[in-house]
There are 2 protein chains.
Amino acid sequence: MIDFSKLDKLIHEKGRLSIMTLLAARAEWRFQDLKSELEMSDGNLITHLRTLYKAGYVSIAKEMEKRPQTKYALTEAGRKAFSDYLAVLEQILDMGKS
Amino acid sequence: MIDFSKLDKLIHEKGRLSIMTLLAARAEWRFQDLKSELEMSDGNLITHLRTLYKAGYVSIAKEMEKRPQTKYALTEAGRKAFSDYLAVLEQILDMGKS
DNA sequence: GGTATTACTTTGTGCTACAAAGTGTTTAGT
DNA sequence: ACTAAACACTTTGTAGCACAAAGTAATACC
(Lines give C-alpha, C1' and ligand atoms only; values in the text may rest on other atoms or scores of the structure.)
Protein backbone atom coordinates (compact mmCIF):
# COMPACT_ATOMS: atom_id res chain seq x y z
CA MET A 1 0.00 0.00 0.00
CA ILE A 2 1.12 3.51 -0.74
CA ASP A 3 2.65 5.42 2.14
CA PHE A 4 0.95 8.75 1.84
CA SER A 5 2.87 10.12 4.78
CA LYS A 6 5.85 10.21 2.43
CA LEU A 7 4.10 12.92 0.43
CA ASP A 8 6.41 15.74 1.48
CA LYS A 9 4.04 18.41 2.68
CA LEU A 10 6.45 21.15 1.70
CA ILE A 11 6.29 20.09 -1.90
CA HIS A 12 2.73 18.87 -2.02
CA GLU A 13 1.10 22.23 -2.40
CA LYS A 14 0.06 23.68 -5.71
CA GLY A 15 2.27 26.75 -5.54
CA ARG A 16 5.43 25.04 -4.39
CA LEU A 17 4.83 21.97 -6.51
CA SER A 18 4.71 24.14 -9.59
CA ILE A 19 7.87 25.95 -8.54
CA MET A 20 9.69 22.70 -7.89
CA THR A 21 8.58 21.33 -11.22
CA LEU A 22 9.94 24.35 -13.06
CA LEU A 23 13.19 24.29 -11.11
CA ALA A 24 13.59 20.61 -11.89
CA ALA A 25 13.06 21.20 -15.59
CA ARG A 26 15.56 24.01 -16.05
CA ALA A 27 18.74 24.75 -14.13
CA GLU A 28 18.16 28.36 -13.21
CA TRP A 29 15.21 30.67 -12.94
CA ARG A 30 15.03 34.37 -12.28
CA PHE A 31 12.39 35.70 -9.97
CA GLN A 32 10.66 37.54 -12.79
CA ASP A 33 10.54 34.49 -15.01
CA LEU A 34 9.03 32.34 -12.31
CA LYS A 35 6.55 35.07 -11.58
CA SER A 36 5.36 35.50 -15.14
CA GLU A 37 5.35 31.78 -15.82
CA LEU A 38 3.33 30.95 -12.74
CA GLU A 39 1.31 34.15 -12.58
CA MET A 40 1.79 34.48 -8.87
CA SER A 41 1.87 37.63 -6.84
CA ASP A 42 5.25 38.77 -5.54
CA GLY A 43 4.30 38.04 -1.98
CA ASN A 44 3.03 34.59 -2.67
CA LEU A 45 5.98 33.60 -4.82
CA ILE A 46 8.66 34.89 -2.50
CA THR A 47 7.00 33.21 0.46
CA HIS A 48 7.02 29.85 -1.24
CA LEU A 49 10.59 30.33 -2.41
CA ARG A 50 11.71 31.19 1.08
CA THR A 51 9.90 28.19 2.48
CA LEU A 52 11.74 25.98 0.02
CA TYR A 53 14.98 27.78 0.78
CA LYS A 54 14.60 27.26 4.51
CA ALA A 55 13.96 23.59 3.84
CA GLY A 56 17.24 23.48 1.94
CA TYR A 57 15.53 22.59 -1.32
CA VAL A 58 16.37 25.75 -3.19
CA SER A 59 19.43 27.93 -3.53
CA ILE A 60 19.33 31.67 -3.95
CA ALA A 61 21.94 33.57 -5.93
CA LYS A 62 21.74 37.34 -5.95
CA GLU A 63 23.32 39.18 -8.79
CA MET A 64 23.62 42.79 -9.75
CA GLU A 65 24.02 43.09 -13.44
CA LYS A 66 22.23 46.23 -14.43
CA ARG A 67 19.05 45.52 -12.51
CA PRO A 68 19.18 43.34 -9.46
CA GLN A 69 18.51 39.76 -10.39
CA THR A 70 17.99 36.80 -8.16
CA LYS A 71 18.42 33.34 -9.52
CA TYR A 72 16.84 30.31 -7.99
CA ALA A 73 17.88 26.71 -8.44
CA LEU A 74 17.36 23.31 -6.88
CA THR A 75 19.90 22.11 -4.39
CA GLU A 76 20.91 18.48 -4.28
CA ALA A 77 18.62 17.98 -1.30
CA GLY A 78 15.83 19.61 -3.26
CA ARG A 79 16.36 17.37 -6.22
CA LYS A 80 16.38 14.35 -3.95
CA ALA A 81 13.22 15.43 -2.12
CA PHE A 82 11.46 16.12 -5.38
CA SER A 83 12.51 12.79 -6.77
CA ASP A 84 11.15 11.05 -3.67
CA TYR A 85 7.95 12.99 -4.05
CA LEU A 86 7.65 11.96 -7.68
CA ALA A 87 8.09 8.34 -6.64
CA VAL A 88 4.93 8.59 -4.57
CA LEU A 89 3.10 10.21 -7.48
CA GLU A 90 4.19 7.31 -9.59
CA GLN A 91 2.70 4.84 -7.13
CA ILE A 92 -0.56 6.76 -7.15
CA LEU A 93 -0.61 6.74 -10.93
CA ASP A 94 0.07 3.04 -11.05
CA MET A 95 -2.77 2.38 -8.66
CA GLY A 96 -5.13 4.68 -10.53
CA LYS A 97 -4.56 2.78 -13.73
CA SER A 98 -5.42 -0.61 -12.29
CA MET B 1 3.76 24.16 -20.07
CA ILE B 2 1.78 22.37 -17.41
CA ASP B 3 -1.45 24.02 -16.38
CA PHE B 4 -1.24 23.77 -12.63
CA SER B 5 -4.60 25.41 -12.22
CA LYS B 6 -6.06 22.15 -13.45
CA LEU B 7 -4.86 20.51 -10.25
CA ASP B 8 -8.29 19.98 -8.70
CA LYS B 9 -7.94 21.48 -5.28
CA LEU B 10 -10.53 19.13 -3.84
CA ILE B 11 -8.42 16.16 -4.75
CA HIS B 12 -4.99 17.69 -4.31
CA GLU B 13 -4.85 17.38 -0.57
CA LYS B 14 -3.09 14.57 1.19
CA GLY B 15 -6.15 13.24 3.00
CA ARG B 16 -8.54 13.35 0.09
CA LEU B 17 -5.93 12.23 -2.42
CA SER B 18 -5.32 9.12 -0.40
CA ILE B 19 -9.05 8.48 -0.13
CA MET B 20 -9.57 8.94 -3.85
CA THR B 21 -6.67 6.65 -4.62
CA LEU B 22 -8.12 3.88 -2.47
CA LEU B 23 -11.59 4.35 -3.92
CA ALA B 24 -10.17 4.19 -7.42
CA ALA B 25 -8.33 0.98 -6.68
CA ARG B 26 -11.22 -0.98 -5.21
CA ALA B 27 -14.94 -0.66 -5.90
CA GLU B 28 -16.26 -0.29 -2.37
CA TRP B 29 -14.86 0.71 0.97
CA ARG B 30 -16.42 0.65 4.39
CA PHE B 31 -15.81 3.54 6.74
CA GLN B 32 -13.85 1.34 9.12
CA ASP B 33 -11.61 -0.01 6.41
CA LEU B 34 -10.77 3.43 5.13
CA LYS B 35 -10.12 4.55 8.66
CA SER B 36 -7.77 1.74 9.55
CA GLU B 37 -6.02 1.84 6.19
CA LEU B 38 -5.43 5.58 6.33
CA GLU B 39 -5.08 5.91 10.08
CA MET B 40 -7.24 8.98 10.19
CA SER B 41 -9.42 10.19 12.99
CA ASP B 42 -13.16 9.76 12.57
CA GLY B 43 -13.73 13.47 12.32
CA ASN B 44 -11.05 14.03 9.77
CA LEU B 45 -12.11 11.11 7.60
CA ILE B 46 -15.80 11.90 7.62
CA THR B 47 -15.13 15.53 6.83
CA HIS B 48 -13.08 14.63 3.78
CA LEU B 49 -15.65 12.07 2.66
CA ARG B 50 -18.44 14.59 2.96
CA THR B 51 -16.42 17.14 1.03
CA LEU B 52 -15.97 14.62 -1.76
CA TYR B 53 -19.63 13.68 -1.53
CA LYS B 54 -20.74 17.29 -1.83
CA ALA B 55 -18.53 17.63 -4.87
CA GLY B 56 -20.31 14.64 -6.38
CA TYR B 57 -17.15 12.56 -6.45
CA VAL B 58 -18.21 9.93 -3.94
CA SER B 59 -21.39 7.98 -3.29
CA ILE B 60 -22.56 6.92 0.14
CA ALA B 61 -24.53 3.73 0.73
CA LYS B 62 -25.76 3.05 4.22
CA GLU B 63 -26.49 -0.50 5.21
CA MET B 64 -27.66 -2.19 8.37
CA GLU B 65 -26.42 -5.74 8.44
CA LYS B 66 -25.73 -6.53 12.05
CA ARG B 67 -23.69 -3.42 12.70
CA PRO B 68 -24.40 -0.30 10.75
CA GLN B 69 -22.13 -0.13 7.74
CA THR B 70 -21.59 2.67 5.32
CA LYS B 71 -20.01 1.97 2.01
CA TYR B 72 -18.24 4.56 -0.05
CA ALA B 73 -17.51 4.42 -3.74
CA LEU B 74 -16.46 6.67 -6.58
CA THR B 75 -19.15 8.15 -8.77
CA GLU B 76 -18.59 8.52 -12.48
CA ALA B 77 -17.87 12.20 -11.96
CA GLY B 78 -15.38 11.25 -9.27
CA ARG B 79 -13.64 8.79 -11.52
CA LYS B 80 -13.46 11.39 -14.25
CA ALA B 81 -12.15 14.09 -11.93
CA PHE B 82 -9.55 11.73 -10.55
CA SER B 83 -8.50 10.70 -14.01
CA ASP B 84 -8.08 14.35 -15.00
CA TYR B 85 -6.07 14.91 -11.86
CA LEU B 86 -3.84 11.96 -12.65
CA ALA B 87 -3.25 13.40 -16.10
CA VAL B 88 -1.66 16.47 -14.50
CA LEU B 89 0.46 14.26 -12.26
CA GLU B 90 1.63 12.46 -15.35
CA GLN B 91 2.74 15.72 -16.92
CA ILE B 92 4.62 16.63 -13.77
CA LEU B 93 6.32 13.25 -13.77
CA ASP B 94 7.28 13.57 -17.40
CA MET B 95 8.81 16.96 -16.75
CA GLY B 96 10.61 15.76 -13.66
CA LYS B 97 12.29 13.00 -15.58
CA SER B 98 13.73 15.24 -18.27
C1' DG C 1 14.47 64.76 -11.32
C1' DG C 2 11.14 61.62 -11.96
C1' DT C 3 9.64 57.20 -13.24
C1' DA C 4 10.13 52.30 -13.77
C1' DT C 5 12.05 47.91 -12.35
C1' DT C 6 13.51 44.39 -9.14
C1' DA C 7 13.14 42.01 -5.06
C1' DC C 8 11.58 42.01 -1.52
C1' DT C 9 8.58 42.85 3.55
C1' DT C 10 4.46 43.67 6.02
C1' DT C 11 -0.12 43.07 7.00
C1' DG C 12 -4.50 41.09 6.92
C1' DT C 13 -8.13 37.87 5.73
C1' DG C 14 -10.21 33.80 5.18
C1' DC C 15 -10.12 29.06 4.71
C1' DT C 16 -9.34 24.38 6.26
C1' DA C 17 -6.89 20.34 8.04
C1' DC C 18 -6.92 17.87 12.05
C1' DA C 19 -7.67 16.33 16.74
C1' DA C 20 -10.42 15.49 20.72
C1' DA C 21 -14.41 14.64 22.76
C1' DG C 22 -19.24 13.92 22.79
C1' DT C 23 -23.89 11.69 20.71
C1' DG C 24 -27.17 8.05 19.58
C1' DT C 25 -28.02 3.55 18.11
C1' DT C 26 -27.20 -1.30 17.97
C1' DT C 27 -25.14 -5.58 19.19
C1' DA C 28 -22.33 -8.84 21.97
C1' DG C 29 -20.92 -10.64 26.35
C1' DT C 30 -21.76 -12.42 31.10
C1' DA D 1 -30.72 -7.27 32.51
C1' DC D 2 -26.81 -4.63 32.45
C1' DT D 3 -22.52 -3.27 30.69
C1' DA D 4 -19.38 -2.55 27.30
C1' DA D 5 -18.01 -2.10 22.74
C1' DA D 6 -18.67 -0.86 17.86
C1' DC D 7 -20.27 2.17 14.28
C1' DA D 8 -20.97 6.47 12.14
C1' DC D 9 -21.28 10.26 12.90
C1' DT D 10 -21.38 15.79 15.01
C1' DT D 11 -19.43 19.57 17.44
C1' DT D 12 -15.90 22.43 18.76
C1' DG D 13 -11.54 24.52 18.81
C1' DT D 14 -6.97 25.55 17.27
C1' DA D 15 -3.34 26.34 14.59
C1' DG D 16 -1.43 26.87 10.28
C1' DC D 17 -1.35 28.27 5.74
C1' DA D 18 -2.25 30.36 1.04
C1' DC D 19 -2.85 34.40 -1.12
C1' DA D 20 -3.53 39.27 -2.12
C1' DA D 21 -2.58 44.05 -1.65
C1' DA D 22 0.13 47.57 -0.50
C1' DG D 23 4.33 49.47 1.07
C1' DT D 24 9.78 49.80 1.00
C1' DA D 25 14.42 50.42 -0.69
C1' DA D 26 17.85 50.35 -4.10
C1' DT D 27 19.19 51.03 -8.72
C1' DA D 28 18.78 52.31 -13.71
C1' DC D 29 16.95 54.80 -17.54
C1' DC D 30 15.33 59.06 -19.83
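Atom set for the values below is all heavy atoms of this structure, side chains included, hydrogens, waters and symmetry mates excluded. In what follows, chains are A, B, ... by sequence order, proteins preceding strands, each numbered from 1.
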Extract from the structure each pairing of a protein N or O with an N or O of nucleotides 5-12 of chain D at less than 3.5 Å, listing the distance.
| unit_1 | atom_1 | unit_2 | atom_2 | d |
| --- | --- | --- | --- | --- |
| D/dC7 | O3' | B/Pro68 | O | 2.7 |
| D/dA8 | OP1 | B/Pro68 | O | 3.3 |
| D/dA8 | OP1 | B/Thr70 | N | 2.7 |
| D/dA8 | OP2 | B/Gln32 | NE2 | 3.3 |
| D/dA8 | N7 | B/Asp42 | OD2 | 3.4 |
| D/dC9 | OP1 | B/Lys62 | NZ | 2.8 |
| D/dC9 | OP2 | B/Thr70 | OG1 | 3.1 |
| D/dC9 | OP2 | B/Tyr72 | OH | 2.7 |
| D/dC9 | N4 | B/Asp42 | OD2 | 3.1 |

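One interatomic measurement links the two molecules: NZ of A/Lys54 to P of D/dG16, which rounds to 14 Å at whole-angstrom precision. Between A/Leu45 atom CG and D/dA18 atom C1' there is a gap of 13 Å when expressed in whole angstrom units. Following rounding to the nearest Å, A/Glu63 (CD) and D/dT27 (P) show an atom-to-atom distance of 16 Å.
Contacts of B/Ser5 classified as side-chain contact (heavy atoms from CB on, under 4.5 Å), with partners at least two apart in sequence or in another chain: B/Asp3. Under the side-chain contact (heavy atoms from CB on, under 4.5 Å) criterion, A/Ala55 pairs with A/Leu10, A/Tyr57, not counting sequence neighbours. Remark: A/Glu39 engages no residue in a salt bridge (Lys or Arg N to Asp or Glu O under 4.0 Å) (not counting sequence neighbours). Take B/Arg79 and apply the side-chain contact (heavy atoms from CB on, under 4.5 Å) test, not counting sequence neighbours, and it matches B/Leu74, B/Glu76. When the side-chain contact (heavy atoms from CB on, under 4.5 Å) test is applied to A/Arg50, the partners found at least two apart in sequence or on another chain are A/Ile46. With sequence neighbours excluded, no residue forms a salt bridge (Lys or Arg N to Asp or Glu O under 4.0 Å) with B/Glu37.
Taking every heavy atom of residues 6-17 of chain B and every atom of DNA chain D, no pair lies under 4.0 Å.
Put simply, A/His48 has a side-chain N or O that comes within less than 4.0 Å of OP1 or OP2 on D/dC19. Between D/dA20 and A/Asn44, a contact under 4.0 Å exists linking OP1 or OP2 to a side-chain N or O.
Pairs engaging residues 11-27 of chain A under the side chain to side chain donor-acceptor pair (under 3.5 Å) rule: A/His12-A/Tyr85, A/Arg16-A/His48 [sequence neighbours left out].
For the pair B/Leu7/A/Leu17, a side-chain contact is recorded, criterion being any heavy-atom separation below 4.5 Å from C-beta on.
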